[in-house]
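Reminder, nothing fancy here: chain letters follow the sequence lines and each chain counts from 1.
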2 protein chains.
Amino acid sequence: MQSDGPIPRLEETPGGCCGGGSAPGLPLERATDLSESLQVLGHPIRLQILDILARRGGEVCVCDLEAALPVKQPTVSHHLRILREAGLVGAERRGQWAHYYVCPDALSAVETEIRAWFQSVG
Amino acid sequence: MQSDGPIPRLEETPGGCCGGGSAPGLPLERATDLSESLQVLGHPIRLQILDILARRGGEVCVCDLEAALPVKQPTVSHHLRILREAGLVGAERRGQWAHYYVCPDALSAVETEIRAWFQSVG
DNA sequence: ACCACGTATTGACATTCATCGATATTGCGC
DNA sequence: GCGCAATATCGATGAATGTCAATACGTGGT
């Protein structure tokens, strides 16, 4: 990596060209954590699912979601699972229907996370 | 969908099982647009890049970013291109160095977009 | 002109993701 | 029990993504 070059040089500023060393204000761990939240939201179907669930204050069954979305039922279930595993929605089986609802706490936790990042950047 | 069955019935709700028809409060187009913004932010390296650029108010050259990030130079350039194409950062070539900086307007536009969505959902 | 350096791009590769048909699972009514 | 309806899971497939070595490009120094 640096042993084969015939020019050892002397390293001045660690950055090398334009200023101070780059202290990682955002540790990789926190960046990864936040990016995972953003990725869960980063799909149009999942945004629409959350929108529908929120717009109906109550619970919505999968068949209704399927009817409102441009994807087939397995795909709806797939996205619901992702949202569920992220804690953003919950489900309750009632009869043969599964009723989904948003988890406002988790959602506002993500909102807080995102807002804090924007504040630290902007 | 409703013309061949001999039983029009009273269940005219498209959903069929648990309530009202699902009006798509979020049109797919807007959901896609927002999800693209979220996806740009949904990567730890890109979050760290934006963080570094913001933390140093001024401009940062690629070699400094490379030194501060756990990826190689082509990967840094790759993520910078994505951020540039999203309008979140700008670049200025000075000598042989490329200096990058955040575009606060674009960033706060995304923030507004995201915040508006959270408001419509939460 | 040449060479060294910083950056961008290309090409290949591996990994992850989204989608859907097919199938399994579960609960309800008969 | 049997069959049907709603949902979940499996498996395959194609697309998108992230990473890096190699290479190309552009600039400055000698």
Whole-Å distance, A:Leu65 CG to D:dT7 P, equals 9 Å

Which part of the nucleic acid, if any, lies within reach of A:His78 when heavy atoms closer than 4.0 Å are counted: base, sugar-phosphate only, or nothing? base

Hey, is the side chain of A:Arg93 poking within less than 4.0 Å of OP1 or OP2 on C:dG27, counting only N and O atoms? no

Under-3.5 Å donor-acceptor pair between A:Gln73 side chain and D:dA8 base: yes

Considering just the side-chain nitrogens and oxygens of B:Arg46, establish if one lies under 4.0 Å of OP1 or OP2 belonging to D:dG18. yes

Near B:Arg30 CZ, under 6.0 Å, is it more than 12 heavy atoms from other residues, nucleotides or ligands? no

Nearest-Å distance for atom pair CZ/C1', residues A:Arg94 and C:dT26: 17 Å

Could you state the NE2-P distance from B:His99 to D:dG26, rounded to the nearest angstrom? 18 Å

Would you call A:Arg94 and A:Glu59 a salt bridge, using N to O less than 4.0 angstrom? yes

How close or far is atom C1' of C:dT26 from atom CD of A:Glu92, stated in whole angstroms? 16 Å

So which of A:Leu88, A:Leu53, A:Leu83 actually passes side chain to side chain contact (heavy atoms under 4.5 Å, CB included) with A:Val102? A:Leu53

Could you say whether A:Val71 or B:Ala91 is positioned toward the 5' end of DNA chain C, judged by the nucleotide with the nearest heavy atom to each? B:Ala91

Nucleotide nearest B:Ala98 (side chain, heavy atoms from C-beta), chosen from C:dC20, D:dT19, C:dA8: C:dA8

Interatomic distance where CG belongs to A:Leu69 and C1' belongs to C:dA18 [whole Å]: 14 Å

B:Glu92, CD atom: more than 12 neighbouring heavy atoms under 6.0 Å: yes

Walking DNA chain D from its 5' end, the first of A:Gln96 and A:Ser77 to be reached, judged by nearest nucleotide, is A:Gln96

Could you give the CD1-to-C1' distance, from A:Ile45 to C:dT19, as a whole number of Å? 10 Å

Can you see if the side chain of B:Thr75 gets near the phosphate of D:dG18 - specifically, an N or O under 4.0 Å from OP1 or OP2? no

Rounded to whole angstroms, how far apart are CG on A:Leu80 and C1' on D:dT7? 10 Å

Donor-acceptor check, side chain of A:Thr75 to backbone of A:Val71, threshold 3.5 angstrom: yes or no? no

Taking atom P of D:dA16 as reference, at what distance in whole Å does atom CD1 of B:Ile82 sit? 14 Å

I want to verify a distance call: between D:dT9, D:dT7, C:dC20, whose nearest atom is closest to the A:Trp97 side chain? D:dT7

Indicate whether OP1 or OP2 belonging to C:dA8 is found under 4.0 Å from a side-chain N or O atom of B:Tyr100. yes

Does D:dT17 have OP1 or OP2 sitting under 4.0 Å from an N or O in the side chain of B:His79? no

By nearest atom, which of the nucleotides D:dT7, C:dA22, C:dA8 is closest to the B:Val62 side chain? C:dA8

